[in-house]
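Contents: one structure, followed by commentary.
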Amino acid sequence: MLSAKRMLIVGTAVVVGLFGARGLAGTALAKSGCGAVIKTSTTLTADIGPCPGVGLTVRANNITLDLGGHRVFGTVAEGVWAGIRLDKVSGVTVKNGSVDNFDAGVVLFRGQRNTVSGLEVHHNDSAQFVADNPDLGQLGDGIVMLGSSHNTIKTNQVHDNGPFSGISVVSEVANQSVTGPFPTDNLIIGNTVRHNEVDDVCTSAGEYFNGPCQPGEGVFNENIGIRVEGPGATHTTISKNLITESGREGLAVLNTRNRFTPPDAISPQNTDTRIADNDISHNGVATVVTDTDPTIGQLGGDGVFTRCFTNSPPAGCATRTTIVNNRLNDNLAHGIAIDKAQGNTIIANTATGNGHGTMTAYASDPPYTDGFDANTDPACDSNTWLRNTLGTVNQPCVRNHVASAASFGSSPATAAAPAADTRSTRSGGRASLGQ
């Protein structure tokens, strides 16, 4: 399925929503603390908000921000406002409360070894800003790790965020190139990620794909539950999460460029993602919702999708993704879908009842199946499929296929070039990362 991208430029105040941030640190904060900069371990004693800009910013290492069961909330004023931003810090814990009505709930920017736990992160929505500002830095997630590594995102409730994702691993990008640290070794574990289904919307000028629409009207949906966007995201582990009712994919590992963007040596592929022991069901619930589209109806979405669009250079396609022991049921498109990506391992998953979505002009790879591999020449190529319980598959190798090391080559770049497929090439969202 198609998945949106975003423009994320270097981490200035414009990108992460720090306009007017003021210092206020200590052991307790009252609701007057919008825009506060946290420099010591702090426990909230009241709600913070409504905040017209940034909520709270952490700028000290090895401290704890305990929301104390309280709420940090914004005013739904779209721009680039983060509810809680961890700004180039390490060893910070944020826990125990809720964050809502910002452009992103929690942003971990260029930090490492931080923990976000026990939060309810919900209704953070940047769709109108994204639509009106396609060339500016964009948020649009519940929790986003931006150029940040070795972090743990655990036991959070993440719902109704978008238009990009519930939880995202992203690199800073400008002019098709990564401009900050590559995110690596992030752990996303034990979260409930549900109903992240915010639509892309019509621009304030009333235009969408050169057609008229009502400003603010929902026009499409490319929202993903958990999104490994990168480029250059490595060794991301996604384990023991419940992922359900996403607008499109439950979980997706994206490619970094295709024929619309020239090859770039410093925008590398996403590699070594481990997806294990997750329950992923009922994703792909979005619809095409504007009359400017030729077909109105469900878009569908895969449970797990590794993306590699038509004519993508192999070096831009996600590779070495391990998908093991997941349960993928009743997703509207495929249960597990491996696009033209190479060198992936899919073992001991259960996928049943997938593929009942309604076909539209933007549906891809029908008929939908529980297990799908787009590589047909040779069949399944360098992907290994073993010991999975799959109801339906698109070709026999998906049931049992062991790839040899020689078939993959010494480098992912040696994989066979993708052949044409039927996926939509429509653009949208964070377009600088390549469609």
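Computed over heavy atoms, backbone and side chain alike; hydrogens, waters and symmetry mates excluded. All of these numbers come straight from a predicted model, not from anything done at the bench.
In this structure, the side chains of Ile153 and Asn186 stay at 4.5 Å or more apart for every pair of heavy atoms. No side-chain heavy atom of Cys51 sits under 4.5 Å from any side-chain heavy atom of Trp81. With contacts defined as side-chain heavy-atom distances shorter than 4.5 Å, the pair Ser204/Gln128 qualifies. At a threshold of 4.5 Å between non-hydrogen side-chain atoms, the residues Val398 and Cys380 count as touching. Looking only at side-chain heavy atoms (C-beta outward), Gln157 and Arg194 come within less than 4.5 Å of each other. Taking the side chain as every heavy atom from C-beta outward, Asn388 and Ile346 approach each other to under 4.5 Å. For the pair Arg399 and Trp385, the minimum side-chain heavy-atom distance is 4.5 Å or more. With contacts defined as side-chain heavy-atom distances shorter than 4.5 Å, the pair Arg248/Phe305 does not qualify.
Between the side chains of Ser149 and Thr184, not a single donor N or O lies within less than 3.5 Å of an accepting N or O.
For the side-chain contact (heavy atoms from CB on, under 4.5 Å) with Ile238, the qualifying choice from Asn326, Val253, Ile189, Val228 is Val228, the only one to do so. Asn329 pairs with exactly one of Thr350, Asp370, Thr352 by the side-chain hydrogen bond (donor to acceptor under 3.5 Å, both in side chains) rule, that one being Thr352. In summary, of the residues considered (Asn331, Val158, Asn283, Asn196), a side-chain contact (heavy atoms from CB on, under 4.5 Å) with Ile243 occurs for Asn283 alone.
Using bins of under 30°, 30° to 60° and over 60° for the plane-to-plane angle, the ring pair His122/His159 lands in the parallel bin. Aromatic ring orientation, His334 versus Phe372: parallel (interplanar angle below 30°, classes split at 30° and 60°).
Atom CG of Asp199 and atom CZ of Phe220 lie 10.0 Å apart (nearest 0.5 Å). Distance CZ/Arg71 to CG/Leu119: 14.0 Å, rounded to 0.5 Å. Atom CD1 of Ile188 is separated from atom OG1 of Thr152 by 10.0 Å, given to the nearest 0.5 angstrom. From Glu229, atom CD reaches atom CG of Asn270 across 8.5 Å, with rounding to the nearest 0.5 Å. Taken from CD1 in Ile84 to CG in Leu65, the straight-line distance is 5.5 Å, to the nearest 0.5 Å. With rounding to the nearest 0.5 angstrom, the CG atom of Leu242 is 10.0 Å from the CZ atom of Arg327.
Residues Pro181 and Arg110 come closest through the heavy atom pair CD-NE, 3.5 Å. Of all the heavy atoms in Ala379 and Gln395, the pair that sits closest is CB-OE1, 3.5 Å. Of all the heavy atoms in Pro183 and Val170, the pair that sits closest is CG-O, 3.8 Å. When all heavy atoms of Asn223 and Val198 are compared, the pair lying nearest together is ND2-N, 3.0 Å. Phe102 and Asn124 make their closest contact through N-OD1, 2.9 Å (heavy atoms, listed as atom of the first residue, atom of the second, distance). Closest of all the heavy-atom pairs between Thr155 and Asn191 is N-OD1, 3.3 Å.
Without hydrogens or angle criteria, Asn383 side chain to Gly343 main chain gives a donor-acceptor distance under 3.5 Å. For Asn161 (side chain) and Val121 (main-chain N/O), a donor-acceptor pair under 3.5 Å exists by modelled atom type. Using a distance-only test at 3.5 Å, with no hydrogens or angles considered, a donor-acceptor pair links the side chain of Lys340 to the main chain of Ala374. Side chain of Ser126 to main chain of Gly140: no donor-acceptor pair is present (N/O by atom type, distance under 3.5 Å, no hydrogens or angles). Side chain of Thr384 to backbone of Thr345: no donor-acceptor contact under 3.5 angstrom is found. For the pair Arg307 (side chain) and Asn255 (backbone), a donor-acceptor distance under 3.5 Å is present. Here the side chain of Asn349 pairs a donor or acceptor atom with the backbone of Asn325 at under 3.5 angstrom. The backbone N or O of Asp373 sits less than 3.5 Å from a side-chain atom of Asn394, completing a donor-acceptor pair. Remark: side-chain polar atoms of Asp200 are not paired, donor with acceptor, to backbone N or O of Val219 under 3.5 angstrom. In this structure, Glu172 contributes its side chain and Phe109 its backbone to no donor-acceptor pair below 3.5 Å.
The pair Asp87-Arg59 meets the salt-bridge criterion, with a side-chain N (NZ, NE, NH1 or NH2) lying under 4.0 Å from an Asp/Glu carboxylate O. Under a 4.0 Å N-O distance rule, the pair Asp277/Lys240 does not qualify as a salt bridge.
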Item to check | Stepwise side-chain hydrogen bond (donor to acceptor under 3.5 Å, both in side chains) check, Asn375 with Gln342 | outcome: CA-CA 9 Å; Asn375 297 280; Gln342 300 294 311; 2.6 Å; yes
Item to check | Worked check of side-chain contact (heavy atoms from CB on, under 4.5 Å) between Glu217 and Tyr208 | outcome: CA-CA 10 Å; Glu217 169 191 34; Tyr208 182 71; over 6 Å; no
Item to check | Working for side-chain hydrogen bond (donor to acceptor under 3.5 Å, both in side chains), residues Ser165 and Asp141 | outcome: CA-CA 5 Å; Ser165 78; Asp141 311 86; 2.5 Å; yes
Checklist entry - Going through the checks in order, is the side-chain hydrogen bond (donor to acceptor under 3.5 Å, both in side chains) test met by Asp339 and Thr306? => result CA-CA 6 Å; Asp339 208 342; Thr306 64; over 6 Å; no
Item to check | Test log, rule side-chain hydrogen bond (donor to acceptor under 3.5 Å, both in side chains), inputs Asn101 and His123 | outcome: CA-CA 5 Å; Asn101 282 290; His123 291 95; over 6 Å; no
Checklist entry - Run the side-chain contact (heavy atoms from CB on, under 4.5 Å) check on Val80 and Phe129 step by step: do they pass? => result CA-CA 8 Å; Val80 284; Phe129 183 84; 3.7 Å; yes
Checklist entry - Can Ile275 and Thr273 be said to form a side-chain contact (heavy atoms from CB on, under 4.5 Å), step by step? => result CA-CA 6 Å; Ile275 302 166; Thr273 304; 4.0 Å; yes
Item to check | Steps toward side-chain contact (heavy atoms from CB on, under 4.5 Å) verdict (Val94, Val106) | outcome: CA-CA 9 Å; Val94 180; Val106 181; 5.5 Å; no
